[in-house]
Amino acid sequence: VIKKIANDKIFGFFHISANKDISYYDLAIFIAQKAAFNKKLIAYIGHTNEKILWIPKNTTLDCTSIESLGYSSPSPYVAFEQIFKLFKIN
């Protein structure tokens, strides 16, 4: 997406992200599975456990603008798979 925007000299605001949110815990479990780590060593600590008084309901950016360029947002897991492949991780 970034390459297309730069090469085609497209102007505007484009948010690029996965198509949904996942928690840090879910990401840690995913990475542990990919790296063959013991996922039992990962502990879930939610915001309620940390006595945080307020947390935003949604902090996700709207990424539908990339659809006009012929792209769609992948799932978070597909996005991380692509990152791992790009950086030759596992």
Side-chain angles (χ1 to χ4, degrees):
V1 174
I2 295 170
K3 189 175 180 180
K4 179 171 181 58
I5 290 170
N7 288 342
D8 294 355
K9 296 180 172 85
I10 299 170
F11 297 94
F13 291 96
F14 295 90
H15 299 293
I16 304 168
S17 184
N19 63 4
K20 68 177 187 170
D21 291 337
I22 61 171
S23 68
Y24 289 115
Y25 174 78
D26 290 335
L27 177 58
I29 294 293
F30 178 74
I31 292 170
Q33 289 172 331
K34 290 290 297 172
F37 295 149
N38 184 353
K39 61 185 180 184
K40 291 180 182 179
L41 298 174
I42 300 170
Y44 175 80
I45 301 173
H47 69 280
T48 55
N49 297 0
E50 295 299 312
K51 299 179 184 173
I52 296 172
L53 300 177
W54 180 81
I55 189 166
K57 182 176 180 181
N58 188 351
T59 58
T60 305
L61 297 172
D62 180 358
C63 297
T64 56
S65 61
I66 66 169
E67 293 173 2
S68 67
L69 303 176
Y71 294 94
S72 61
S73 297
S75 80
Y77 302 105
V78 169
F80 279 106
E81 287 282 356
Q82 292 172 348
I83 291 168
F84 294 156
K85 186 176 180 181
L86 178 68
F87 290 101
K88 297 175 177 41
I89 300 170
N90 208 352

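- Taking CD1 from Ile31 and CZ from Phe80, the interatomic distance works out to 6.5 Å, rounded to the nearest 0.5 Å.
- Side-chain contact between Phe37 and Ile42: absent, with no pair of heavy atoms (C-beta onward) separated by less than 4.5 Å.
- A distance of 9.0 Å separates CD1 of Ile5 from OH of Tyr71, quoted to the nearest 0.5 Å.
- Separation of atoms OG1 (Thr64) and CZ (Phe14) is listed at 10.5 Å; rounding is to 0.5 Å.
- Under a cut-off of 6.0 angstrom, the local environment of CZ in Phe30 is crowded, with over 12 non-hydrogen atoms contributed by other residues, nucleotides or ligands.
- Considering all non-hydrogen atoms of both residues, Pro76 and Lys20 come closest at CG-O, 3.3 Å.
- Hydrophobic clustering (side-chain heavy atoms under 4.5 Å, transitive across Ile, Leu, Val, Met, Phe, Trp, Tyr) groups Ile83 together with Tyr77.
- Residues Ser75 and Ala18 come closest through the heavy atom pair C-CB, 4.0 Å.
- Clustering ILVMFWY residues whenever any of their side-chain heavy atoms sit less than 4.5 angstrom apart, transitively, puts Leu27 in the very cluster that holds Phe84.
- Considering every non-hydrogen atom in both Ile66 and Ser73, the closest pair reads CD1-OG, 3.7 Å.
- Other residues, nucleotides and ligands contribute only 12 or fewer heavy atoms inside 6.0 Å of the CD1 atom of Ile2.
- Residues that satisfy the side chain to side chain contact (heavy atoms under 4.5 Å, CB included) test with Thr60, not counting sequence neighbours, are Asp21, Asn58.
- The shortest heavy-atom contact between His15 and Ser65 is N-OG, 3.9 Å.
- When all heavy atoms of Ile10 and Lys4 are compared, the closest pair comes out as CD1-O, 4.1 Å.
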